[in-house]
Amino acid sequence: MSMDLSTDYLGFHLPHPFMPGSSPLVDDLDMVRRLEDAGAAAIVLHSLFEEQIVGEELAMYDAVKTPAESYPEALSYLPDPAEFALGTHEYLEQISRIKAAVSVPVIASLNGTTPTSWMEYARLMEQAGADALEINVYDLATDPLETGEDVERRALDVVSSVREAVRIPLAVKLSPFYSSLSNLARRLEKAGANGLVLFNRFYQPDIDIEELEVVPKLYLSSPNELLLRLRWLAILSSQFPGSLAVTGGVHTGLDVIKATMAGAHATQLVSALLRHGPDHLRTVRREVEAWMAEHEWESLGDMRGNMSLGRLPDPAAYERANFRLALR
Ligand SMILES: Cc1cc2nc3c(=O)[nH]c(=O)nc-3n(C[C@H](O)[C@H](O)[C@H](O)COP(=O)(O)O)c2cc1C
């Protein structure tokens with residue numbers, strides 16, 4: 001039986017939905033080629049962070065201000081533009097290198113929260129050959145004077161500005177911590193987002209109670225984390241007209257099946273690839289095919305969204321009813 005795993009994500013027709021999510025894995029060109037060999041349908045790059053860009057601009061500013069005030073000839077202290085833009089320059093180079101090395105779509109990633117100058121890098125990424133952009137709005141709201149609306153407004157402004165700067169498709173990678181995700185999704189789409197990537201994982205520092213130190217921790221995900229994503233995919237898949245990708249807790253082919261039933265067009269893996277290596281993408285594909293064969297599904301498209309909550313008149317009431325059932 002020939003099986004159709006194809007999917008449309010951000011306007012790309014892909015042979016299947018499996019791809020690496022944003023991580024340092026793809027900093028290495030050899031690894032990128034191995035991921036493509038293992039069947040990655042697209043390559044999502046590691047993020048370029050707002051702080052990297054703004055940090056460089058600050059360094060430039062200091063270099064201009066300090067010595068140039070003392071002596072005009074100190075202009076020679078100015079870093080060479082190529083040197084000043086080192087991190088960002090390397091990132092753009094990496095986009096071009098990856099573009100040259102693979103034939104699948106290359107999705108560059110920008111990570112930032114404030115709508116300022118760093119967003120101009122979106123245009124440079126497009127020029128460097130990125131086929132699409134993922135914007136990671138990694139924003140922990142900690143200011144007691146800032147409202148939820150302020151936080152959302154910032155995310156929307158980032159998306160509108162990037163939308164103005166580039167023509168390529170835009171995906172927005174969100175955290176689950178918004179008070180009205182359905183409403184935010186709708187406004188993001190109006191601001192120009194073509195897709196959502198659900199969800200960002202905030203890294204959660206631990207406390208060393210002997211040393212009285214904050215210990216930065218980045219654990220690989222567990223499959224339990226998929227459940228939160230499944231719920232929101234199931235809710236948003238009937239509300240959001242664009243593409244939906246899942247990131248977080250996808251480890252096996254069965255996880256891919258679940259995410260697809262909830263409405264995902266693309267399934268991103270990071271922890272599972274870090275744990276098992278790039279060939280794991282091939283394993284996941286085999287698992288999906290085996291399950292589909294066993295259950296006589298011919299197309300992943302037929303399955304997509306069949307467990308969405310879209311046909312329910314009131315998903316919130318359904319959630320509450322299930323919660324009460326589960327407690328019993
Ligand atoms: C080591 C590491 C680095 C990551 N770097 C980024 C990053 O630069 N940008 C980003 O959007 N997500 C980043 N992530 C998050 C992943 O893309 C992904 O969303 C998260 O790990 C959940 O997916 P998983 O369960 O498949 O690991 C990183 C994750 C890990 C483990």
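Whatever order the structure lists ligands and atoms in, that order sets their numbers, starting from 1.
Atom CG of L110 and atom NZ of K173 lie 13.0 Å apart (nearest 0.5 Å). With rounding to the nearest 0.5 angstrom, the CE atom of M303 is 5.0 Å from the CH2 atom of W291.
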N/O pairs closer than 3.5 Å, ligand 1 and protein:
residue	atom	partner	partner atom	Å
ligand 1	8 (O)	H46	NE2	3.4
ligand 1	8 (O)	S47	N	3.1
ligand 1	8 (O)	S47	OG	3.3
ligand 1	9 (N)	S22	OG	3.0
ligand 1	9 (N)	S47	OG	2.6
ligand 1	11 (O)	N136	ND2	2.6
ligand 1	11 (O)	K173	NZ	3.1
ligand 1	12 (N)	K173	NZ	3.0
ligand 1	14 (N)	S22	O	3.2
ligand 1	17 (O)	S22	N	3.4
ligand 1	17 (O)	S22	O	2.6
ligand 1	17 (O)	K173	NZ	2.9
ligand 1	19 (O)	K173	NZ	3.0
ligand 1	19 (O)	T247	OG1	2.7
ligand 1	23 (O)	T247	OG1	3.3
ligand 1	23 (O)	G248	N	3.2
ligand 1	25 (O)	S221	OG	2.4
ligand 1	25 (O)	G249	N	2.7
ligand 1	26 (O)	V270	N	2.8
ligand 1	26 (O)	S271	N	3.4
ligand 1	27 (O)	S271	N	2.8
ligand 1	27 (O)	S271	OG	2.6

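For the residue pair H13/T7, the side-chain donor-acceptor check at 3.5 Å is not satisfied. Side-chain atoms of Q239 and E189 include no donor-acceptor pair closer than 3.5 Å. Side-chain contact of T147 with D150: a donor-acceptor pair under 3.5 Å is present, judged by distance alone. Remark: the S103 side chain and the E36 side chain contain an N/O donor-acceptor pair separated by less than 3.5 Å.
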